[in-house]
Q: 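After the structure tokens below, expect a handful of questions from me.
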Amino acid sequence: MSYLLLNGADVNILESTGSSVLTASCYLKTNPSQLVRLILSWGAELFEKGERVTKERKLAFLRQEIAAKGNVEISNLVASELGGRRC
């Protein structure tokens, strides 16, 4: 992932369902906190169904979706990183 980012990859590119790399990473079963930290450091934002997740939607999204899937560490990381910028 670092190689792609260093060579110009868009950290907020959307997949076919309209989710961003960050959103998709939060659902991985391997609980990839290093990956989430990396893409957050490059300015990644949560996108869901092609729309940027706002502060209000972000809180509900984090509590209900990410934490419910067992990724509480990721949920806390995203909440702390996104809470202070652009939301």
Side-chain angles (χ1 to χ4, degrees):
M1 179 66 77
S2 296
Y3 177 82
L4 295 173
L5 293 169
L6 288 169
N7 285 287
D10 182 2
V11 75
N12 286 315
I13 195 166
L14 303 181
E15 61 179 24
S16 62
T17 63
S19 295
S20 63
V21 174
L22 177 58
T23 305
S25 297
C26 290
Y27 287 114
L28 293 175
K29 294 183 184 202
T30 57
N31 201 8
S33 60
Q34 254 186 323
L35 173 62
V36 172
R37 286 179 201 277
L38 175 66
I39 58 179
L40 282 171
S41 72
W42 280 78
E45 297 183 80
L46 289 170
F47 280 83
E48 186 176 40
K49 297 180 183 168
E51 297 180 14
R52 188 170 144 270
V53 177
T54 62
K55 187 172 184 176
E56 296 80 25
R57 287 185 57 215
K58 177 187 65 127
L59 295 175
F61 173 77
L62 290 174
R63 284 191 207 115
Q64 296 173 2
E65 299 290 328
I66 300 171
K69 300 237 184 246
N71 287 340
V72 176
E73 178 187 358
I74 299 295
S75 175
N76 293 337
L77 178 62
V78 173
S80 66
E81 290 291 325
L82 290 179
R85 64 179 174 94
R86 294 199 296 269
C87 291

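Just so you know, these numbers come straight off a predicted model, no measurement behind them. Residue numbers count from 1 along this sequence.
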Q: With sequence neighbours excluded, what pairs up with Leu38 under the side chain to side chain contact (heavy atoms under 4.5 Å, CB included) test?
A: Met1, Ser2, Leu5, Ser41, Trp42
Q: Applying side chain to side chain donor-acceptor pair (under 3.5 Å), name anything that partners Ser20, two or more places apart in sequence or on another chain.
A: Thr23
Q: Using every non-hydrogen atom in the two residues, find where Ser25 and Val36 come nearest and quote the distance to one decimal.
A: CB-CG2, 4.1 Å
Q: Closest heavy-atom contact between Ile39 and Val21?
A: CD1-CG1, 3.9 Å
Q: Rounded to the nearest 0.5 Å, what separation is found between the CG atom of Leu40 and the CD atom of Glu45?
A: 10.0 Å
Q: Going hydrophobic residue to hydrophobic residue with side-chain gaps under 4.5 angstrom, can you get from Ile13 over to Leu22?
A: yes
Q: Any idea which heavy atoms bring Gly43 and Val11 closest together, and the distance?
A: C-CG1, 4.0 Å
